[in-house]
Amino acid sequence: MINKTFTLLLVAACATVYSSCYRTRASKGGGQLKHTPSRTVDASAVAVPPGYKIEAVAQGLTFPSSMTFDDQGRMYVIETGYSYGEVWTEPKLLRMESNGSFTTLAKGGKNGPWTSIIYYEGFLYLSEGGQGEGGKIYKVTLEGQMTELARDLPSIGDHHTNALVIKDNYIYFGQGTATNSGVVGEDNRDFGWLLRHNDFHDIPCKDITLAGRNYVSKNVLTPEDNDEIETGAFVPFGTKTTPGQVIKGRVPCTGAVMRIPITGGTPEVMAWGLRNPYGLALAPDGDIYISENGYDDRGSRPVWGTGDVLYKLQPGTWYGFPDFSAGMALSGTEEFKVPGKKEVQPVLKNYPNQPPKPAAIFGVHASANGMDFSINNNFGHVGEVFVAEFGDMAPKVGKVLAPVGFKVVRVDTKTGVIEDFAVNKGKKNAPGTKLKNGGLERPISVKFHPKDGSLYIVDFGVLTMSERGPMPQQKTGVIWKVSKS
């Protein structure tokens, strides 16, 4: 009875003083393991709805991120060549042959990650994340010959040049921000890029006026332990800003969806004020949808409790970065305040427009990434978008009390309702290595086969998390196929 009474009192205390309990509990992210696991692959460990079956069609890939099919139904896969954790490998474009083997069609240099590959009218189009020298977009023949269509995209920060879609002979692409929430800080040293490019920062697409708030952090560019520095928003590390200061916009910019002609050319801004527009997908009605990764609890301006977001692209619209999440202001909203820290204050003096409401909101730190719409009646769920959730990267992005993501979901864009579609079996949601069952690890993108409608899932592979940061494992990537049984 004593134990039961104590438990009830503890639950009541946590309900009334949640933030205190949150601070005292350890993070339990999906990648937080005390050992380095080896991966097994077992399709029976993955639950899919009745009437569907799942199988692994390729294994042993190193950091795969995206795939597509040509008119003949041949599969093309890209390996990124870079992973968080500052792990550099060789970017590759691979074609799967009829016997299940892969042929390497093209290789890249030290400028990964390669993030997206799509097929359109006889050619492949590829986005290069640009961690080394800036983002690029390529046109690629089916034999692997690459032609640059865009270069010098501002992607050497936290986030990269992301997914591609083609509409009306334009290539649309997402470009992520340099920082977590607008301010360069100590956390960007941990990503590696601040030591390589200490003058880099977020770039607005149009002129903005600052509130003049500055944030104190450790000066990680000097060896002195007690050296501190102040940094404002949209300026280099160690640069202070003043109230009313105007930051001139320019293109290409960070945190935006842009487009170029299919033949190449100067980027044009379609939407801005996005934190990390990772996924783009073309709906059957011609609308473009965006999956955006929410803020993290890290850096000089940490933000708490912001879910990832699904937006419909509204050309010319500002979506709220770095002062809003899902159409809600960070300032004055208790749920965005990091427990034990001060409320998030705005860094912009005024706003271009009221940010739009999202079509759906995913879990906090789910990392909703690549996506695709179902258009085949044989597969079902026509008009719904399927989204790969890479999974949390706690504790570096913030604490979670249970794993978030690590699955594929489907979303009704009209209602915002999100349903699990492919998720590991078990008493809790988690990657296969944590459950020790051989299931999904880190789904990063999905693609429907253009003929039979089957759903293919690109699984990045094992990426565990330590206090030092991400620890990705090579040759653990998998391609899964879900079809009607």
Visitor: With a 4.5 Å cut-off on side-chain heavy atoms, are Ile479 and Met96 touching?
Guide: no
Visitor: Drop me the distance from Asp372's CG to Leu282's CG, to the nearest 0.5 angstrom.
Guide: 9.5 Å
Visitor: Are the side chain of Gln175 and the backbone N or O of Pro154 linked by a donor-acceptor pair below 3.5 Å?
Guide: yes
Visitor: Could you check whether any side-chain heavy atom of Phe63 comes within less than 4.5 Å of a side-chain heavy atom of Gln474, counting everything from C-beta outward?
Guide: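 Side chain of Phe63 against side chain of Gln474, heavy atoms only: contact under 4.5 Å found.
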Visitor: Once rounded to the nearest 0.5 Å, what's the spacing between atom OG1 of Thr179 and atom CZ of Arg298?
Guide: 8.0 Å
Visitor: Is the backbone N or O of Gly380 less than 3.5 Å from a side-chain atom of Ser374, with the two atoms forming a donor-acceptor pair by type?
Guide: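 Yes; judged by distance alone, with no hydrogens or angles, the pair exists.
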Visitor: Would you check if the side chain of Gln131 reaches a backbone N or O of Ile156 as a donor-acceptor pair within less than 3.5 Å?
Guide: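 Side chain of Gln131 to backbone of Ile156: a pair is present.
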Visitor: Could you check whether any side-chain N or O of Thr433 sits under 3.5 Å from a backbone N or O of Pro37, counting only pairs where one atom can act as donor and the other as acceptor?
Guide: no
Visitor: Determine yes or no for a side-chain-to-main-chain donor-acceptor pair under 3.5 angstrom, with Lys484 supplying the side chain and Asn378 the backbone.
Guide: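 Yes; judged by distance alone, with no hydrogens or angles, the pair exists.
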Visitor: To the nearest 0.5 Å, tell me how far Lys396 NZ sits from Ser466 OG.
Guide: 7.5 Å
Visitor: Evaluate Val364 against Trp304 for side-chain contact (heavy atoms from CB on, under 4.5 Å), listing each step before the verdict.
Guide: CA-CA 9 Å; Val364 178; Trp304 193 61; over 6 Å; no
Visitor: Can you tell me how far the CD1 atom of Ile54 sits from the CG atom of Leu440, to the nearest 0.5 Å?
Guide: 5.5 Å
Visitor: So do Ile166 and Glu121 actually touch side chain to side chain, heavy atoms under 4.5 Å?
Guide: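 SC-SC contact between Glu121 and Ile166 ruled out.
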Visitor: So, Tyr278 versus Phe390, ring centres under 6.0 angstrom or not?
Guide: no
Visitor: Just by distance, do the side chain of Ser27 and the backbone of Val400 share a donor-acceptor pair under 3.5 Å?
Guide: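 Here the side-chain-to-backbone pair exists.
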Visitor: So, for Ile203 and Cys253, which heavy atoms are closest and what is the spacing to 0.1 Å?
Guide: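 Minimum heavy-atom contact is O-CB, 3.2 Å.
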Visitor: Give the C-alpha distance, both sets of side-chain angles, the deciding distance and a yes or no for side-chain hydrogen bond (donor to acceptor under 3.5 Å, both in side chains) between Thr115 and Ser127.
Guide: CA-CA 6 Å; Thr115 52; Ser127 55; 2.8 Å; yes
Visitor: Are any of the side-chain nitrogens in Asp285 or Lys312 under 4.0 Å away from the carboxylate oxygens of its partner?
Guide: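 Not counted as a salt bridge, because no side-chain N and carboxylate O are separated by less than 4.0 Å.
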Visitor: With side-chain hydrogen bond (donor to acceptor under 3.5 Å, both in side chains) as the criterion, how do Glu97 and Thr103 come out once you've worked through the C-alpha distance, each side chain's angles and the decisive distance to 0.1 Å?
Guide: CA-CA 7 Å; Glu97 307 299 350; Thr103 298; 2.6 Å; yes
Visitor: When Tyr319 is tested against each of Trp272, Tyr311, Phe324 for ring pair (Phe, Tyr, Trp, His ring centres under 6.0 Å), which residue passes?
Guide: Tyr311
Visitor: Look at Lys218 together with Glu186 and state whether they make a salt bridge at an N to O cut-off of under 4.0 Å.
Guide: no
Visitor: Might you point out which heavy atoms bring Pro267 and Met258 nearest each other, and give the distance in Å?
Guide: CB-SD, 4.1 Å
Visitor: Quick one: pull up CG in Leu126 and OH in Tyr76 and give me the separation to the nearest 0.5 Å.
Guide: 13.0 Å
Visitor: Students often mix this up, so state it plainly: with edges at 30° and 60°, are the rings of Phe448 and Phe386 parallel, tilted or perpendicular?
Guide: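 Answer is perpendicular, since the angle exceeds 60°.
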Visitor: If you look at every heavy atom in Thr80 and Ser65, which pair is closest and at what distance?
Guide: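 Minimum heavy-atom separation between Thr80 and Ser65: CG2-CB, 3.4 Å.
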Visitor: Compare all side-chain heavy atoms of Phe336 with those of Ser325 and state whether any distance is below 4.5 angstrom.
Guide: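 Heavy-atom side-chain distance check passes, below 4.5 Å.
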Visitor: Closest heavy-atom contact between Arg39 and Gly439?
Guide: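 Closest approach of Arg39 to Gly439, heavy atoms only: NH2-O, 3.1 Å.
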Visitor: Any heavy-atom pair between the side chains of Ile288 and Leu280 that's under 4.5 Å?
Guide: yes
Visitor: Rounded to the nearest 0.5 Å, what separates atom CH2 in Trp114 from atom OH in Tyr138?
Guide: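 Reported value, rounded in 0.5 Å steps: 7.5 Å.
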Visitor: With Asp202, which of Thr177, Val183, Val184 fulfils side-chain contact (heavy atoms from CB on, under 4.5 Å)?
Guide: Thr177
Visitor: Is the gap between the ring centers of Tyr82 and Trp88 under 6.0 Å?
Guide: yes
Visitor: Does Ser83 reach the main-chain N or O of Val87 with its side chain, forming a donor-acceptor pair under 3.5 Å?
Guide: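 No.
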Visitor: Would you find more than 12 non-hydrogen atoms of other residues, nucleotides or ligands less than 6.0 Å from Met328 atom CE?
Guide: yes
Visitor: Test Arg275 against every option in Asn293, Asp308, Asn180, Asp158 by the side-chain hydrogen bond (donor to acceptor under 3.5 Å, both in side chains) rule and name the one that passes.
Guide: Asn180
Visitor: Please tell me whether Phe69 and Tyr456 form a close aromatic pair, meaning their ring centres lie under 6.0 Å apart.
Guide: yes
Visitor: Atom CD of residue position Glu148 - does it have more than 12 heavy atoms of other residues, nucleotides or ligands inside 6.0 Å?
Guide: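 Counting neighbours around CD of Glu148, more than 12 heavy atoms of other residues, nucleotides or ligands fall under 6.0 Å, so yes.
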Visitor: For Leu274 and Val309, what are the C-alpha separation, side-chain angles and deciding distance, and is it a side-chain contact (heavy atoms from CB on, under 4.5 Å)?
Guide: CA-CA 10 Å; Leu274 293 153; Val309 177; over 6 Å; no
Visitor: Quick one: does any side-chain atom of Asn111 pair with a main-chain N or O of Glu133 as donor and acceptor, under 3.5 Å?
Guide: yes
Visitor: Carefully, step by step, assess Thr306 and Leu330 under the rule side-chain contact (heavy atoms from CB on, under 4.5 Å).
Guide: CA-CA 9 Å; Thr306 61; Leu330 299 180; 4.3 Å; yes
Visitor: Side chains of Arg189 and Leu195: does their closest heavy-atom pair fall under 4.5 Å?
Guide: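 The answer is yes; the side chains approach within 4.5 Å.
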Visitor: Would you confirm whether Ser485, through its side chain, and Gly51, through its main-chain N or O, come within 3.5 Å as a donor-acceptor pair?
Guide: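 Present.
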Visitor: Under 4.5 Å between any side-chain heavy atoms of Tyr289 and Val411, yes or no?
Guide: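 Tyr289 vs Val411: side chains apart.
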Visitor: Check whether more than 12 heavy atoms from other residues, nucleotides or ligands sit under 6.0 Å from atom NZ of Lys425, and answer yes or no.
Guide: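 Count over threshold, so yes.
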Visitor: To check you understand the geometry: which heavy-atom pair defines the closest contact between Lys434 and Leu33, and what is its length?
Guide: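 For Lys434 and Leu33, the tightest heavy-atom pair comes out as CG-CD2, 3.7 Å.
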Visitor: As a quick check of understanding, evaluate side-chain contact (heavy atoms from CB on, under 4.5 Å) for Lys341 and Asp297, giving each step before the final call.
Guide: CA-CA 11 Å; Lys341 296 185 179 180; Asp297 175 9; 4.2 Å; yes
Visitor: For Pro64, is there any backbone N or O sitting under 3.5 Å from a side-chain donor or acceptor partner on Lys92?
Guide: no
Visitor: Check this for me: Ile375, atom CD1, are more than 12 non-hydrogen atoms of other residues, nucleotides or ligands nearer than 6.0 Å?
Guide: no
Visitor: Please find the pair of heavy atoms, one from Asn424 and one from Pro431, that lie closest to each other, and give the distance.
Guide: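 Minimum heavy-atom contact is ND2-C, 3.6 Å.
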Visitor: Determine whether Phe406 and Asp392 make a side-chain contact, defined as any pair of heavy atoms from C-beta on separated by less than 4.5 Å.
Guide: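 Yes, their side chains come closer than 4.5 Å.
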Visitor: Decide whether Glu441 and Thr476 meet the rule of one side-chain donor and one side-chain acceptor closer than 3.5 Å.
Guide: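 Side-chain D/A pair, Glu441 to Thr476: absent.
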Visitor: Once the angle between the rings of Tyr295 and Phe321 is folded into 0 to 90°, is it parallel (under 30°), tilted (30 to 60°) or perpendicular (over 60°)?
Guide: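 Parallel, since the angle between the ring planes stays under 30°.
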